[in-house]
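Chain letters run A, B, ... following the sequence lines, proteins first and then strands; every chain starts at 1. What you see below is based on every heavy atom in this structure, not just the backbone, and it leaves out hydrogens, waters and symmetry mates. What you see is a predicted model; the values in this text were computed from it and never measured.
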Amino acid sequence: MTAVAGDPQHVFLVDGSGFIFRAFHGLPAMSRPDGTPVNAVYGFTTMLLKLLSDTDADHVAVIFDAGRLSFRNDIYPEYKAHRPPAPEDLVPQFPLIRDVVAAFNVPSVEMEGFEADDLIATYATQAVARGARVTIVSSDKDLMQLVGERVEMLDTLKNRTIRAPEVLEKFGVAPDKVVDVQALCGDPTDNVPGVPGIGVKTAAQLIGEYGDLDSLLARASEIKQPKRRETLLNNAELARISRELVRLKCDVPVTESLDSFAKRPFDRQVLADFLAAQGFKSIVARLGGSSVTPTAAPAVTAPVAVAAPVVAQYELVTSVEVLEAWVAEATRMGTVAFDTETTGLDPLRAELVGVSLATAPGRACYIPIKHDAGPAQGSLLLDPSPAAAGPDILGREVTLAKLAPLLADASVLKIGHNIKYDMQVMAQAGLTVTAFDDTMLLSYVLDGASHGHGMDELAKLHLDHDTIKFADVCGTGKNQITFDRVPLDKALAYAAEDADITLRLHGVLKARLLAERMVTVYETLERPLVPVIVAMEAAGIKVDRTALMALSAEFGGRMAELEVQIQTLAGREFNVGSPQQLGKVLFEDMSLPGGKKTKTGQWGTGADALEELAAQGHDLPARVLDWRQLSKLKGTYTDALVAQINGRTGRVHTSFALALTTTGRLSSSDPNLQNIPIRSEEGRKIRHAFIAEPGHVLLSADYSQIELRLVAHVAGIKGLIQAFHDGADIHAITAAQVFGVPVEGMDPMLRRRAKAINFGIIYGISAFGLAQQLGISNGEAKSYIDAYFGRYPEIRDFMERTKEEARANGFVLTPFGRKVFTPGIKDKNGAMRAFAERAAINGPIQGGAADIIKRAMIRLPAALAAEGLKARLLLQVHDELVLEVPVAEQDATRAVVCRVMESAAQLDVPLVAEAGFGTSWGDAH
DNA sequence: TTAGTCACG
DNA sequence: GACGTACGTGACTAAT
């Protein structure tokens, strides 16, 4: 069949009835002012709105069930006979939902005697015959039999696409065998009898073995298990009837033609009026999008496609009445952007200065809480400050009291930009925030590290808006003032804009989430992690100040000794900490061999270069290495950490960045507690200074080989998967398999090489890199890699597949759907491209591991609470979690932590977590 | 501000 | 045949 002009390309068939029930049961009760229940109507409306704005479909229709009876009741009167009548609260919503569809100007179809599923089957068949793609918007398993090369299903509530693999997962067979399986196992919800005693698993196994139902029934007497054979022989007719019940009719004599589903525009005014009548103000606001002018009463008159400039109207809130009005408006809208202004960046030390809210584009307010009336430093005393002359501001107590219920109200969505910070600030004031979105995290899951996620940058990018910069309001450098000293008029303009922009960014970004299939990543991996991180940062970790200071003195003393020795050896004084001066000493004054220049023409004095010289017997570079180690430990850890101890808590509180890395990992800073030394003996002393409170111990639990397990899983490497199931020393087994030697009595060198290759795979292996790592020749490294690929052929496939994915999309996906962007993958510079290719290969592995530990962290607090355990999460170090645990609860806590970590994901390999206790972090390993 | 170095997974 | 490399971070110092 050849396509002719006007043929549909992509057809959306929405299972209206299915969605109504799911929306009704999935959403909390909602009602119109007149008392009519509308939760299903609301759910249906938002779904349809998203669907229509996100899809490339050119044909759309919503299909409903017409009545309770269909032709199936003629075959089997009991079909769906036991279904209770629709819930009382749902009945009045059926006609309203048909009105919704009409308001969207989308055709709806229903037909007496046929179920919606049959109509969907019929139209899908017609569409495929005309060369179109079909998306069935439903999660009903009865429709899975229709999935095919050109037909997919979309579960909008879970944002999941159902194709052949998902069908296989559900029924254990390909879509074309689904009816056979259903015929055997039946369906209690629809009263389809099936064969007694046979469930999905057995049915799939039988169909897999015999091919289809008819063959199975014909050869039933061959079945070995006597009981199963008997039931099949006795119930053959029941199975055939069941098959007729579940098989969808593809040739219903429909009256509406497929062509009549061609997508057509809808009248926004009609729709807005209808929605307003249902009380759906938040949807009306969304319809208006960025085109809404705050003064225009009906927000929907402007066409959404043309973004009219927003007329910003910001209000300074200085009376309780006005504050109450804003809270009421936010509650009514169901959505509010909010932002806090403070005196600093550290949420534990910063003081709350004010709060801004935004309820619609351009409509925002600022509530000052603590603004210093005095002029900024440097102003003349006689200068009458506008702030001093301004109106009185509301007190902290009353403002917080009025805001608390709004922030705690689960039915009002609070939108923040980096809301982690605002939640921490509010937590200091005793307020909790429930039901929130974060535009920074939205931006991060959508665009990864392809650009920054600061609000200024996003405002320019998505709204073409230049924001007022913090520096414009507070200055920079030594002239910088804190926000509480900013005059109120300037504070209003800056702070209210922040909330306003946040709200408008939310409109743009949240809409992209579904279209770009990032709902699940955002809602299950990123957003729920925020409160977990808030608690971790607030908890902090105790460090032994005295021990660190003693270490610092010790390191300092030894450095001074080494400096004397080094300068004596050099024959002159120079700054040992200067790579430039050291390079001259080594390669010019002393004329040592093998000096290499860095790309800027300096002598390279990295550890590998110094080690090589030391190995040749040169003393000076060896002592520089020692000096550098001590210098690093003293400067970065002992001294810096002591300076970071919070005066109030006596603990160190890091900051975890959630929207920074390219792979989805967290990062830690101020101080970085993810790079505390452990590999060297001297370094470990620092780890021993991280201690538990009296009566507590530290628990360190880490995933064993999580990245290599991810490799085995995503690449489907049978040899490695088996090895992980066997639970033995993975590097030794790799060595045995690749080099063909027994594990017993293995040369440790072979194991070391196998380990290096295993790591190399994770990094997107190259012969050069492996050679460098092992200190062997390029050729030898290449022969190892070839041997590895020969033993595990799936790895090569995975690497090629991943690079292809990166080239096609500009990103690769982790097993949990996170996008890892791969800029440079098409660069004309070969080195750049190779770099991007290795990063692409690493992406699903490192990113997948990051996803898994995030899942564990999200589940852990509730799992601990469920067993009444008081342990607190303190740190995450990529594959390790550190908790502070009451001594009496050690064993129970370890069990919960390991269980949660190990069950955080279901892969083709087991996940293993190992945990230890200690009074210090160093002892807990 | 950038480059070099080195701490971690 | 040359390119110039293991993946992902943050903090410190010297030099600009």
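A:F835 comes within contact range of the sugar-phosphate backbone alone, with a heavy-atom separation under 4.0 Å but no base atom that close. Among the protein residues, A:A850 comes within range of no part of the nucleic acid, since none of its heavy atoms lies under 4.0 Å from any strand. As judged by a 4.0 angstrom heavy-atom cut-off over every strand, A:D702 is placed among residues making no nucleic acid contact. Residue contacts for A:G606: at a heavy-atom cut-off of 4.0 Å it reaches the sugar-phosphate backbone alone, with no base atom in range. At the heavy-atom level, A:A781 lies nowhere under 4.0 Å from the strands shown.
A:I706 places its CD1 atom 15 Å from the C1' atom of C:dG8, with the value rounded to the nearest Å. Put simply, NE2 on A:H878 is 6 Å from C1' on C:dT9, counting in whole angstrom units. One can place CD of A:Q846 at 7 Å from P of C:dT9, the figure rounded to the nearest angstrom. One can place NZ of A:K803 at 13 Å from P of C:dC7, the figure rounded to the nearest angstrom. In this structure, A:I825 places its CD1 atom 14 Å from C1' of C:dT5, rounding to the nearest Å. Rounding to whole angstrom units, CG of residue A:N842 and P of C:dT5 are separated by 17 Å. Note: CG (A:L770) to P (C:dT5) measures 17 Å, nearest angstrom. The nearest whole Å value for the distance from the CD atom in A:Q773 to the C1' atom in C:dA6 is 8 Å.
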Strand DNA chain C as a dot-bracket string - pairs counted if Watson-Crick or G-U with both distances under 3.5 Å, | where the partner lies in another strand: ......|||||||||.
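Against DNA chain C, the stretch residues 577-605 of chain A makes heavy-atom approaches under 4.0 Å through A:G577, A:S578, A:Q580, A:Q581. If you check residues 656-682 of chain A against DNA chain B, the residues with a heavy atom closer than 4.0 Å are A:R665, A:Q674, A:N675, A:I676, A:P677, A:I678, A:R679, listed by number. Near-neighbour residues of DNA chain C inside residues 625-639 of chain A, defined by a heavy atom below 4.0 Å, number-ordered: A:K632, A:G635, A:T636.
Contact check, A:R838 against C:dC7: a side-chain N or O comes under 4.0 Å of OP1 or OP2.
For A:R751 (side chain) and A:A735 (main-chain N/O), no donor-acceptor pair under 3.5 Å exists by modelled atom type. Within the 3.5 Å criterion, the main-chain N or O of A:M901 finds a donor-acceptor partner in the side chain of A:Y703. The backbone N or O of A:Q876 lies less than 3.5 Å from no partner atom in the side chain of A:H878, so there is not a single donor-acceptor pair. Between the side chain of A:Q644 and the backbone N or O of A:H653 there is no donor-acceptor pair closer than 3.5 Å. The backbone N or O of A:V912 sits nowhere less than 3.5 Å from a side-chain atom of A:E902 that would complete a donor-acceptor pair.
Residues A:L710 and A:I852 have side chains in contact (heavy-atom distance under 4.5 Å, counting atoms from C-beta outward).
Using a cut-off of 4.0 Å between Lys/Arg side-chain N and Asp/Glu carboxylate O, A:E554 and A:R558 are scored as salt-bridged. In this structure, A:D827 does not pair ionically with A:R833, as no charged nitrogen and carboxylate oxygen lie closer than 4.0 Å. Using a 4.0 Å cut-off between a side-chain N of Lys or Arg and a carboxylate O of Asp or Glu, A:K596 and A:E612 do not qualify as a salt bridge. Using a cutoff of 4.0 Å between basic side-chain nitrogens and carboxylate oxygens, A:E804 and A:R801 are not scored as salt-bridged.
Screening A:K420, A:R872, A:R651 for a salt bridge (Lys or Arg N to Asp or Glu O under 4.0 Å) involving A:E537 leaves a single residue, A:K420.
The two residues A:L582 and A:L620 make their nearest non-hydrogen contact at CD1-CD2, 4.2 Å. Here the closest heavy-atom approach between residue A:V652 and residue A:P671 is recorded as CG1-CG, 3.4 Å.
Here the separation of B:dT5 from C:dT5, taken at their P atoms, is 13 Å to the nearest Å. Between the P atoms of B:dG4 and C:dA6, the separation comes to 14 Å (whole Å).
When DNA chain B is scanned 5' to 3' for any atom under 4.0 Å from a heavy atom of chain A, the first and last hits are B:dA3 to B:dG9.
Annotation for A:E573: atom CD does not count as buried by contact number, only 12 or fewer foreign heavy atoms lying within 6.0 Å.
You'll find the ring centres of A:Y788 and A:Y784 outside the 6.0 Å limit.
A cation-pi geometry, defined here as NZ or CZ lying under 6.0 Å from the six-membered ring centre and within 45° of its normal, holds between A:K819 and A:F811.
Sorted by first and then second residue, the side-chain hydrogen bond (donor to acceptor under 3.5 Å, both in side chains) pairs with a member in residues 581-591 of chain A read A:R572-A:D589, A:E588-A:W603; sequence neighbours excluded.
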